[in-house]
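One structure is given below, encoded as structure tokens.
First the proteins, then the strands, lettered A, B, ... as listed; each starts at 1.
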Amino acid sequence: MADSTDFVRQAIAEDVAAGRFGGRVQTRFPPEPNGYLHIGHVKAICINFEIAKEHGAVCNLRFDDTNPTKESVEYANAIEHDIRWLGYDWPKTLYASDYFEALHGFAIKLIKAGKAFVDHSSAEEISRLRGRERGGEDSPYRNRSVEENLALFEKMCAGELAEGECVLRAKIDMRHPNPNLRDPTLYRIMKATHHRTGDRWKVYPMYDWAHGQSDSLEGVTHSLCSLEFEDHRPLYNWFCEQLEIETPRQIEFARLNMTHCLMSKRHLLRLVEGGHVKGWDDPRMPTVAGLRRRGYPAEALRDFVKRVGVAKYNSTVDHRLLEFVVREVLNRTATRRLGVLDPLKLVVTNYPEGEEESFEAQDMPGVDGTGTRQVPFARELWIDRDCFAEDPPKGWKRLAPGWEVRLRYACLVTCTDVVKDASGKVTEVHCTWDPESRGGATADNRKVKGTIHWVSAKHALDAEVRLYDHLFPESPDEGEGDVLERLNPNSLTVVTAKVEPSLAAAEAGTRLQLERVGYFAVDPDSAPGKLVLNRTVTLKDGYKPGKPPAPPKGQGKQKQKPKPKPAKPAAPTGPAAELAFEQFAALDLRVARVKTAEPVEGADRLLKIGLELADGEQRTVVSGIRAYYSPEALVGRQVVYLANLKPRKLRGVLSQGMILAANGPEGEAILLEPERALPDGAKVT
RNA sequence: UGCCCGGUGGUGUAAUUGGUAACACAGAAGUUUUUGGUACUUCCAUUUCUGGUUCGAGUCCAGGCCGGGUAACCA
């Protein structure tokens with residue numbers, strides 16, 4: 001998997017190999033500072049920064065700040081912070097507004113070349129004249145003289161004309177099949193204060209007019225963007241060509257979609273403004289700020305993007321892939337602690353009242369050289385309510401009346417009694433402990449039903465724990481009406497948990513695992529004496545309550561198998577498969593003798609087989625029959641060998657042709673053998 | 001509707017550019033385990049359809065079907 005790359009990387013590698021752009025590579029991430037970054041942006045960020053890194057090249061952050069009415073420094077600062085948090089850095093923050101002067105010069109150049117004009121048509125009129133499916137019509141102002149256009153444009157720039165009075169347009173082709181080339185607008189009059197250039201400009205460039213030239217001016221070689229800009233590429237190229245500046249190569253890829261997620265700025269804004277979440281950094285939000293607060297490590301986000309890949313197909317990634325990468329990072333980085341979310345009192349009846357001791361617990365069990373801590377133990381403990389069952393189902397591996405379980409890191413306890421309230425709800429579980437089992441193991445090494453987590457009632461800390469669920473169903477866009485009607489009303493549950501005292505001084509941002517429960521991050525709302533945890537993600541749960549523990553195997557719906565495969569040739573699905581009889585003549589089939597056979601490293605289905613055809617030369621063939629034939633059973637045997645195949649590499653081994661085999665009734669491969677006794681090297685017909 | 005772009009398992013990406021459909025996630029089964037976690041093993045695909053070219057097609061050609069983008073004085 002390491003040796004295949006996506007189409008963007010391939011295209012760039014080809015350009016480098018061809019010496020295009022002088023063999024240079026430079027990318028950029030060009031957000032508009034009008035909102036917060038979300039997981040979809042993370043994809044674009046990683047692609048641009050990682051590709052640059054792979055080529056030892058620069059990737060700049062450049063703000064596409066061409067519309068002062070929508071943009072602000074607050075957004076810009078948040079964006080910079082998020083990208084740095086993701087682990088990327090860049091030499092200098094750039095702005096499209098840095099190029100306003102240059103763009104102005106470019107416009108004059110275009111006007112002088114007769115390729116731009118000032119249009120006094122209204123927005124509606126321009127839209128109408130642009131036409132729909134068929135081509136449009138020329139604007140009545142299209143044939144103004146260069147001098148008049150120049151004068152008018154200077155008036156626009158000087159603020160002498162009113163907003164909306166006119167625009168500067170390129171003069172391309174109103175009948176062009178691509179509507180983007182039907183005299184696109186370059187500048188509109190906007191008397192707004194820009195967050196960087198102040199009141200210097202009364203006109204602001206449109207995206208198309210600013211983007212390509214900005215790329216070109218700062219030396220970008222590959223302008224990577226999302227699919228919806230595909231139709232803009234001809235315009236991007238046209239501008240650079242007309243202005244006689246280097247034309248960077250724009251390559252488009254699909255943006256990220258994820259199940260249970262709404263990614264558009266508009267919807268995210270509605271969630272915030274409608275009070276459906278607590279803010280842009282609400283841990284349920286797919287924003288970088290939200291994911292960070294939730295406890296998702298930056299490393300996991302980067303890995304996620306790597307695993308998602310880059311393509312042009314409009315896909316939707318399963319949210320569970322994100323959870324997987326988060327768990328993977330957290331599993332090896334988050335220290336373990338004990339805590340219960342739904343406390344149920346457990347009394348160790350044979351433990352002396354008022355006494356206490358402590359047990360050593362590992363911070364990273366299974367990892368040598370990591371720390372330990374002491375966890376206090378006493379007569380009264382808290383366990384999680386779902387670790388006890390009065391009437392345990394089959395396969396239950398936790399506590400139940402009469403059962404013995406291990407308290408993690410502590411000892412073995414046996415349930416002797418249950419206390420209930422008037423409604424029948426269990427309020428206390430009584431156990432006895434085995435003092436010989438201190439540390440969790442006994443001399444007789446007896447097996448117990450399972451291991452559960454606990455915390456000493458007297459020593460436990462209260463913690464506010466926020467449990468999160470998806471904001472939306474799997475496919476929020478499917479269904480009638482407003483998507484907000486599909487908001488999950490239970491996306492946030494707050495509980496008061498009991499956690500071990502070592503968490504008292506945990507700092508905001510700390511990530512930990514509550515053993516057997518999940519991964520958590522200390523929320524910035526925490527204060528001394530007030531611990532607030534966000535559940536980042538649950539542990540993968542192998543326990544399926546609904547499932548019978550020992551499913552009657554064999555039949556059932558899972559294997560709608562016994563569909564007999566047609567006995568078509570297996571291993572070489574190519575040439576020998578279903579050939580007309582006479583076509584056999586074209587195949588160079590030979591009898592060959594196996595001289596050597598050995599497994600191919602790193603491929604558990606492949607064998608590397610050395611063949612001899614009596615011509616003194618040895619041929620090597622790689623065949624996927626390892627599951628059915630041992631190397632020993634093959635050596636010395638005659639096989640049918642297809643000699644006139646183009647050699648190809650399999651797992652790093654050059655395979656010269658293939659050995660013929662057929663599918664057996666179970667789908668296994670059966671090697672074909674010459675029917676009659678033939679000498680090695682003989683042609684099979 | 002015009003133009004543009006796509007279509008490989010439940011999901012996402014591969015396939016040395018025409019030569020065993022691979023990797024990961026999810027799901028299922030099992031082994032190990034002081035976390036029902038981790039680790040490990042196994043299973044899970046008529047490559048959208050129909051024709052064509054070819055010894056050989058996921059890959060090339062033609063047509064169909066389906067999906068997405070776009071038609072701003074937004075980016």
Side-chain angles (χ1 to χ4, degrees), chain A residues 1-6 30-32 34 64 66-67 69-70 122-123 126-127 130-135 163-164 166-167 169 176-180 182 185 187-190 204 206-208 210-211 227-232 252 254 259 307-318 320-321 323-325 327 331-332 336 365-366 395 397-398 406-410 439-441 448 450-453 513 515-517 539-544 551 553 558-559 570-577 579 583-588 605-606 622-625 642 644-650 655 658:
Chain A
M1 69 187 265
D3 50 357
S4 74
T5 59
D6 55 79
E32 182 185 16
N34 71 340
D64 235 333
T66 57
N67 188 344
T69 62
K70 296 187 175 176
S122 66
I126 288 176
S127 173
R130 215 192 289 282
R132 291 279 154 178
E133 38 278 0
R134 290 182 300 284
E163 283 190 22
C166 59
V167 294
R169 296 176 73 183
H176 195 102
N178 180 346
N180 288 124
R182 314 227 261 244
T185 301
Y187 278 102
R188 74 284 214 191
I189 300 168
M190 265 179 147
Y204 289 93
M206 301 290 291
Y207 164 85
D208 285 308
H211 201 87
L227 250 29
E228 66 266 35
F229 294 102
E230 239 165 351
D231 292 340
H232 293 244
E252 312 85 12
T259 56
R307 287 165 182 271
V308 162
V310 187
K312 297 191 76 161
Y313 178 64
N314 247 296
S315 57
T316 301
V317 175
D318 192 330
R320 290 175 297 186
L321 178 62
E323 296 194 337
F324 169 82
V325 295
R327 285 193 189 102
N331 178 50
R332 47 170 221 269
R336 312 291 137 115
K397 293 172 71 174
R398 306 171 195 178
R406 176 167 30 243
L407 298 179
R408 179 75 164 156
Y409 301 122
V448 292
T451 300
I452 64 171
H453 52 108
Q513 182 194 107
E515 288 202 52
R516 307 210 324 121
V517 178
L539 250 32
K540 189 176 172 191
D541 193 359
Y543 176 56
K544 308 275 190 309
K553 50 205 285 184
Q558 51 213 61
K559 295 234 162 139
T573 43
L579 265 191
Q583 290 179 297
F584 256 89
L587 305 179
D588 187 11
R605 286 163 57 171
L606 298 184
V622 176
S623 184
I625 55 171
L642 176 50
N644 59 344
L645 272 187
K646 183 175 152 193
R648 55 190 299 249
K649 237 182 191 175
L650 295 169
S655 182
M658 55 172 63

### Task
Determine the contact category for A/S122: base if any of its heavy atoms lies under 4.0 Å from a base atom, sugar-phosphate if only primed atoms, P, OP1 or OP2 are that close, otherwise nothing.
base
### Query
Is A/E515 close to A/Y409 at the side-chain level, that is, under 4.5 Å between some pair of heavy atoms?
yes
### Message
Under 4.0 Å, counting only non-hydrogen atoms across every strand here, what does A/R398 touch: a base, just sugar-phosphate, or nothing?
### Response
base
#### Entry: Whole-Å gap separating P (B/A24) and CZ (A/F324)
9 Å
### Message
Counting only side-chain heavy atoms from C-beta out, which of B/G37, B/C74, B/C73 sits nearest to A/L539?
### Response
B/G37
### Query
Among B/G37, B/C73, B/U70, which nucleotide sits nearest the side chain of A/R188?
B/C73
### Message
Under 4.0 Å, counting only non-hydrogen atoms across every strand here, what does A/V325 touch: a base, just sugar-phosphate, or nothing?
### Response
nothing
#### Entry: Proximity to the side chain of A/I126 - top-ranked nucleotide from B/G37, B/C73, B/C74
B/C73
## Note on the structure
The reported gap from CG in A/D6 to NZ in A/K312 (rounded to nearest 0.5 angstrom) is 12.5 Å
### Task
Would you mind classifying the nucleic acid contact of A/Y409 as base, sugar-phosphate or nothing, using non-hydrogen atoms under 4.0 angstrom?
base
### Query
Do the side chains of A/H211 and A/H232 get nearer than 4.5 Å, heavy atoms only?
no
### Task
Can you tell me, in whole Å, how much space there is between the C1' of B/G10 and that of B/C44?
10 Å
### Task
Give one of base, sugar-phosphate or nothing for A/G440, where a contact means two heavy atoms less than 4.0 Å apart.
base
### Task
Could you run through nucleotides 5-12 of chain B and give me one letter per nucleotide, 5' to 3': B if any protein heavy atom sits under 4.0 Å from the base, S if only the sugar-phosphate is that close, - if neither?
SSS---SS
### Sugar-phosphate, base or nothing in reach of A/K397, heavy atoms under 4.0 Å
base
### Task
Indicate yes or no: at least one non-hydrogen side-chain atom of A/N34 is less than 4.5 angstrom from one of A/N67.
no
### Task
Looking at every strand, decide which applies to A/H211 at a 4.0 Å heavy-atom threshold: base, sugar-phosphate, or nothing.
nothing
### Query
Which one, B/A14, B/U35, B/A75, comes nearest to the side chain of A/A311?
B/A14
### Message
When the P atoms of B/U48 and B/G6 are compared, how many Å lie between them, rounded to an integer?
### Response
15 Å
### Task
Let me know the distance between CD of A/E32 and C1' of B/A75, rounded to the nearest Å.
5 Å
### Query
At under 4.0 Å between heavy atoms, what does A/Q513 touch on the DNA or RNA strands: base, sugar-phosphate, or nothing?
base
### Task
Tell me what A/A441 touches on the nucleic acid: a base, only sugar-phosphate, or nothing, going by heavy atoms under 4.0 Å.
base
### Task
For A/D231, answer base if it contacts any base atom (sugar-phosphate contacts may also be present), sugar-phosphate if it contacts only those atoms, and nothing otherwise; contact means non-hydrogen atoms under 4.0 Å.
base
### Task
Would you kindly give the CG-to-C1' distance between A/D6 and B/A24, to the nearest whole Å?
16 Å
### P spacing across the pair B/A62 / B/C5, given as an integer number of angstrom
13 Å
### Query
So does A/S127 get a side-chain nitrogen or oxygen closer than 4.0 Å to the phosphate oxygens (OP1/OP2) of B/A71?
no
### Message
Taking the side chain as everything from C-beta on, heavy atoms only, tell me whether A/I452 gets closer than 4.5 Å to A/L407.
### Response
yes
### Atom P, compared across B/G9 and B/A15: separation rounded to whole Å
16 Å
### Query
When all nucleic acid strands are considered with a 4.0 Å heavy-atom cut-off, which category describes A/Y187: base, sugar-phosphate, or nothing?
nothing
#### Entry: Watson-Crick and G-U pairing of RNA chain B, under 3.5 Å, as dot-bracket with | and [ ]
(((((((..((((.....[..)))).(((((.......)))))....(((((..]....))))))))))))....
### Query
When rounded to the nearest Å, what value does the distance between P atoms of B/U16 and B/U11 take?
23 Å
